[in-house]
Amino acid sequence: MHPLSPALHGAKSLVVVIAGLSWSTLSRVGFGWFAALVTVFALAATVLAVVSWWNTGYHLVGRELRVHEGLIWRRTRAIPLERLQAVEVVRPLLAQLTGLAELRLEVVGGGKTEAPLAYLSVAEATALRQRLLAVAGHAHEAAPPAAGEPPAPAPAERRLHTVRNADLLVSQLLTPQAFLLPFGVAFVVAQFLSEGSWSFIAVASTLTAMAGVLLQPVRRVLDDWSFRLDRDADTLRVRNGLLETRVQTVPLHRVQTVGAAWPLLWRMKGWLRLRLEVAGYSAAEPDDRNRPDRLLPVGDAHTGELIVAEVLPGVRLDALPTTPPPPRARWLRPLTRTAIGAGLDGQVFVARSGLLTRRMTLVPYARIQSVRVTQGPVQRWLRLATVHADTAGGSGAAAADRDLAEAWDLAAELTARAEAARRADRTRRR
């Protein structure tokens with residue numbers, strides 16, 4: 001790793017130490033002893049970081065990435081690169097200030113990010129990412145030039161879309177949290193004026209509650225700031241972030257589903273949001289910031305059409321056929337029966353849902369791993385069933401509350417189309 005890695009790890013440990021000691025410790029022992037405790041813990045954390053850095057390294061052997069770490073208990077992790085899903089270059093704030101980056105790998109079946117290599121120089125992290133993708137067979141490899149001919153230039157990235165930061169800010173203002181915040185402030189002010197005074201605990205708890213309400217929109221703005229989507233051969237490259245910048249590389253053939261959402265307050269501007277599901281981590285990562293699922297944080301219908309066509313060629317987002325469940329399904333869904341639906345397009349299985357926030361999920365037939373038909377007690381009484389199209393990503397899509405005969409026909413058709421699509425995909429790859 002880079003020689004500055006211990007300093008960055010030590011700085012993070014110092015923040016944790018200060019937070020752990022808390023202000024109550026300062027009031028009990030005084031500033032001098034508090035500073036001494038912080039210094040001792042910081043030196044210990046730095047020594048441990050240096051020892052860890054000295055005994056940590058990586059080695060690319062054939063089609064495996066091996067990560068070695070540990071002093072007393074040595075551990076070597078071998079990551080088969082054929083299981084590689086995506087590689088991202090992440091630059092937290094301290095890494096940006098020092099010109100470093102962190103490399104994170106996502107693999108099939110991983111419960112979390114594998115082998116985070118922290119920290120490398122930006123140039124080394126970028127070069128290693130390209131090398132790993134090339135070894136894994138994800139990078140575009142041009143044919144060797146003929147004798148006497150100059151080598152062909154590497155294919156340049158093609159810009160697909162850049163999200164305006166102004167649109168990103170407005171989109172987060174058009175969320176329930178931001179929309180209801182003025183009413184919450186008015187309620188707090190009215191209570192304060194009626195009671196005449198407030199205790200410190202009441203004021204602190206109110207401010208904490210307001211900060212919690214605003215945390216999600218603010219985090220989304222910070223995470224999606226300067227969002228840019230590029231295409232490089234058969235991969236998507238996503239760049240985003242303000243305090244922590246990310247460069248995520250997702251091979252297109254690893255995309256399991258594409259999801260579109262139209263929040264209620266966004267519809268007056270004609271905006272939508274697009275998400276990806278990539279095998280291995282949409283369901284496994286507890287922190288959604290670590291999931292490479294961003295395809296379009298906010299954009300108009302035309303932009304959404306263009307991006308969906310890049311990811312799923314031949315699919316038109318505004319022309320996907322869906323039909324609602326039969327009328328008797330209103331006993332299960334009295335308000336949302338007409339809002340849900342499902343259908344079969346030439347390339348994808350489509351499922352829509354949602355009343356206030358409309359959602360649509362697109363599953364390419366070649367990505368369907370299994371098809372299930374399920375019935376609950378009330379569904380059996382109403383002769384209804386739900387058809388699930390499962391993917392390697394874990395969620396897939398479902399046609400809810402279909403007529404029982406239609407459900408079995410749909411399941412058989414999905415199975416046949418999935419098998420045909422997988423055979424065609426294997427033939428194309430040979």
Side-chain angles (χ1 to χ4, degrees), residues 255-264 267 272-277 279 282-283 301 304-305 308-309 311-425:
V255 174
Q256 305 297 303
T257 66
V258 174
W262 293 263
L264 177 64
R267 292 180 211 164
L272 76 160
R273 177 173 61 241
L274 296 177
R275 288 287 188 262
L276 290 173
E277 182 184 86
S282 286
E305 289 284 344
V308 169
V311 180
L312 302 173
V315 175
R316 291 187 54 191
L317 193 59
D318 61 345
L320 294 172
T322 59
T323 57
R328 63 181 181 274
R330 66 180 180 273
W331 295 105
L332 283 173
R333 302 174 182 270
L335 298 178
T336 61
R337 185 189 75 85
T338 58
I340 65 175
L344 299 176
D345 184 64
Q347 288 79 30
V348 295
F349 169 54
V350 188
R352 59 178 171 87
S353 62
L355 184 62
L356 298 180
T357 297
R358 297 173 184 168
R359 293 182 173 86
M360 185 175 289
T361 304
L362 286 62
V363 185
Y365 296 124
R367 304 294 173 255
I368 296 177
Q369 299 291 312
S370 65
V371 178
R372 296 178 291 125
V373 178
T374 61
Q375 273 189 303
V378 181
Q379 284 182 317
R380 287 197 294 270
W381 177 62
L382 295 172
R383 290 190 58 79
L384 300 174
T386 298
V387 181
H388 301 266
D390 300 320
T391 64
S395 58
D401 300 330
R402 314 304 293 187
D403 178 80
L404 183 59
E406 179 195 353
W408 284 110
D409 291 341
L410 177 60
E413 183 66 21
L414 279 174
T415 302
R417 294 196 183 198
E419 292 175 352
R422 283 195 293 270
R423 285 197 300 266
D425 196 37

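One is the number of the first residue; the rest follow in order along the sequence.
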When every non-hydrogen atom of Ala411 is compared with those of Val373, the smallest separation belongs to CB-CG2, 3.6 Å

Nearest 0.5 angstrom please: Gln379 CD to Arg402 CZ, how far?
12.0 Å

Considering only heavy atoms from C-beta outward, does the side chain of Val350 approach that of Met360 to under 4.5 Å?
yes

Pairwise distance OG1(Thr386) to CG(Leu332) - rounded to 0.5 angstrom
8.5 Å

Looking only at atom types and distance, does a side-chain atom of Arg352 sit under 3.5 Å from a main-chain N or O of Arg358, one as donor and one as acceptor?
no

With a sphere of 6.0 Å drawn around CZ of Arg383, does it hold more than 12 non-hydrogen atoms of other residues, nucleotides or ligands?
no

Heavy-atom donor-acceptor pair, Glu305 side chain to Leu317 backbone, under 3.5 Å:
yes

Is there a donor in the side chain of Arg275 and an acceptor in the side chain of Thr361, or the other way round, less than 3.5 Å apart?
no

On a heavy-atom basis, which atom in Thr357 and which in Arg267 lie closest, and how many Å separate them?
N-NH2, 3.8 Å

Closest non-hydrogen contact found for Gly346 with Tyr365 is O-CE1, 3.5 Å

Partners of Thr338 by side-chain hydrogen bond (donor to acceptor under 3.5 Å, both in side chains), sequence neighbours excluded?
none

Check: Pro321 and Leu344 side chains under 4.5 Å, non-hydrogen atoms
no

Check whether any side-chain heavy atom of Leu276 sits under 4.5 Å from a side-chain heavy atom of Val258, and report yes or no.
yes

Are the side chains of Leu320 and Val348 in contact, using a 4.5 Å heavy-atom criterion?
yes

Residue pair Arg417, Val371: steps toward the side-chain contact (heavy atoms from CB on, under 4.5 Å) verdict:
CA-CA 11 Å; Arg417 294 196 183 198; Val371 178; over 6 Å; no

Can you pull the salt bridge (charged side-chain N to carboxylate O under 4.0 Å, His left out) pairs that have at least one residue in residues 321-338, sequence neighbours excluded?
Arg328-Asp403, Arg333-Asp401

Minimal heavy-atom distance between Ile368 and Ala418, with the atoms involved, is CB-CB, 4.0 Å

Any heavy-atom pair between the side chains of His388 and Leu414 that's under 4.5 Å?
no

Trp331 and Leu382 have their tightest heavy-atom pair at CB-CD1, 4.1 Å

How close do Leu410 and Ala399 get, heavy atom to heavy atom, and via which atoms?
CD2-CB, 3.8 Å

Any donor and acceptor pair, going by atom type alone, linking the side chain of Gln375 with main-chain N or O of Leu384 inside 3.5 Å?
yes

Salt bridge (charged side-chain N to carboxylate O under 4.0 Å, His left out) partners of Arg359, counting only residues at least two apart:
none

